[in-house]
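Lettering of chains follows the sequences in order, A, B, ..., and the numbering in each one begins at 1. Because the structure is predicted, anything quoted here is derived from the model rather than measured.
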Amino acid sequence: GAVVSQHPSRVICKSGTSVKIECRSLDFQATTMFWYRQFPKKSLMLMATSNEGSKATYEQGVEKDKFLINHASLTLSTLTVTSAHPEDSSFYICSASLAGVLYNEQFFGPGTRLTVL
Amino acid sequence: AQSVAQPEDQVNVAEGNPLTVKCTYSVSGNPYLFWYVQYPNRGLQFLLKYITGDNLVKGSYGFEAEFNKSQTSFHLKKPSALVSDSALYFCAVRDGINAGNMLTFGGGTRLMVKP
């Protein structure tokens, strides 16, 4: 159980276009989802925390108008990179959790490799 | 604020030898500590966690970690390393038991196990 999927696994796009990445919890309902960004050989940097049905909370330095996060249902969150630039190229990873004492870990998706040309 | 330090960028060990990947943490409340492993171009896989109870935690693939409150450490260990253990390892801490609280990751340690 506790499987999180991401789609697509890799995407290549042109500068100026928008790209949507989906994160799904396949066998549980995720009240909270997290979006991370990972640069090569670097750690994960939390971009934002999203709770189902409410606006995402962005970390300092993350442009909320550029990285649009939607968590419209308990099993799906989307990250849209708008007007993509080459410096947005990165590995994006989501995780999901069900808040509460019994569910005390985050489950990570396999990641999405974004390349902006 | 919470933070995690992994002092070694890379750890090299020969197959069959014991391995240790170090992690120290700082958190204002009770620490909830995690180890994850990442293979190339993959997401994170959960290895083990410390929430409460015994200081020695056993996890997946023969890994274990020891929680040391006085030294604020949570080092990852394995008695006998395998070549297939070569990967990137992340220590993470959460301040609070709620899974909705954010995780803070260390910088990662690359483990290289040589035949």
Side-chain angles (χ1 to χ4, degrees), chain A residues 1-7 9-10 21 23 25 28-52 54 56-60 71 90-115, chain B residues 1-11 21 23 25 29-53 57 59-60 65 86-112:
Chain A
V3 178
V4 176
S5 70
Q6 280 184 243
H7 179 78
S9 58
R10 57 177 64 231
I21 302 170
C23 176
S25 56
F28 68 103
Q29 294 183 325
T31 51
T32 305
M33 287 186 170
F34 303 84
W35 286 95
Y36 296 86
R37 182 173 179 177
Q38 185 180 30
F39 292 99
K41 300 183 180 181
K42 296 291 186 182
S43 187
L44 279 72
M45 294 180 57
L46 180 66
M47 298 175 66
T49 303
S50 72
N51 292 297
E52 184 268 337
S54 61
T57 301
Y58 289 82
E59 295 300 301
Q60 191 172 6
H71 191 168
S90 193
F91 195 52
Y92 293 87
I93 302 175
C94 74
S95 70
S97 69
L98 176 58
V101 176
L102 294 180
Y103 301 92
N104 48 19
E105 61 186 88
Q106 293 177 22
F107 302 97
F108 286 81
T112 297
R113 171 78 56 194
L114 171 63
T115 302
Chain B
Q2 56 195 40
S3 65
V4 178
Q6 291 180 243
E8 303 153 316
D9 289 338
Q10 182 161 317
V11 169
V21 182
C23 170
Y25 66 90
N30 291 323
Y32 297 93
L33 296 153
F34 303 81
W35 275 102
Y36 291 89
V37 60
Q38 185 181 33
Y39 295 96
N41 295 311
R42 301 290 295 277
L44 272 67
Q45 295 181 31
F46 170 78
L47 277 180
L48 51 80
K49 64 187 176 188
Y50 172 81
I51 302 296
T52 186
V57 179
S60 306
S86 299
L88 189 57
Y89 290 81
F90 291 100
C91 181
V93 68
R94 191 173 75 220
D95 188 354
I97 197 169
N98 190 330
N101 292 347
M102 61 176 283
L103 279 174
T104 297
F105 285 86
T109 299
R110 185 165 301 280
L111 174 65
M112 298 290 291

Side chain to side chain, B:L103 and A:F108, heavy atoms closer than 4.5 Å: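 They are in contact (side-chain heavy atoms under 4.5 Å apart), so the answer is yes.
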Nearest-0.5 Å distance, NZ of residue B:K49 to CD of residue A:Q106: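 Spacing of NZ (B:K49) from CD (A:Q106) equals 11.5 Å.
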A:R113 atom CZ: more than 12 heavy-atom contacts under 6.0 Å: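 Counting neighbours around CZ of A:R113, more than 12 heavy atoms of other residues, nucleotides or ligands fall under 6.0 Å, so yes.
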Closest non-hydrogen atom pair between B:G107 and A:S43, with its separation: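 Minimum heavy-atom contact is CA-CB, 3.6 Å.
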Segment of A:L44 engaging chain B (4.5 angstrom heavy-atom cut-off):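 A:L44 touches chain B through backbone and side-chain heavy atoms alike.
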Stepwise side-chain contact (heavy atoms from CB on, under 4.5 Å) check, A:Q38 with B:F105: CA-CA 11 Å; A:Q38 185 180 30; B:F105 285 86; over 6 Å; no
B:L88 portion near chain A, given a 4.5 angstrom heavy-atom threshold: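 When you check distances to chain A, only side chain atoms of B:L88 fall under 4.5 Å.
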Contacting moiety of B:Q38, where chain A heavy atoms sit under 4.5 Å: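 Just its side chain gets close to chain A.
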Residue selection (most heavy-atom pairs with chain B, distance under 4.5 Å) from A:G111, A:S9, A:P110, A:G109: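 Maximum pair count with chain B is reached by A:P110.
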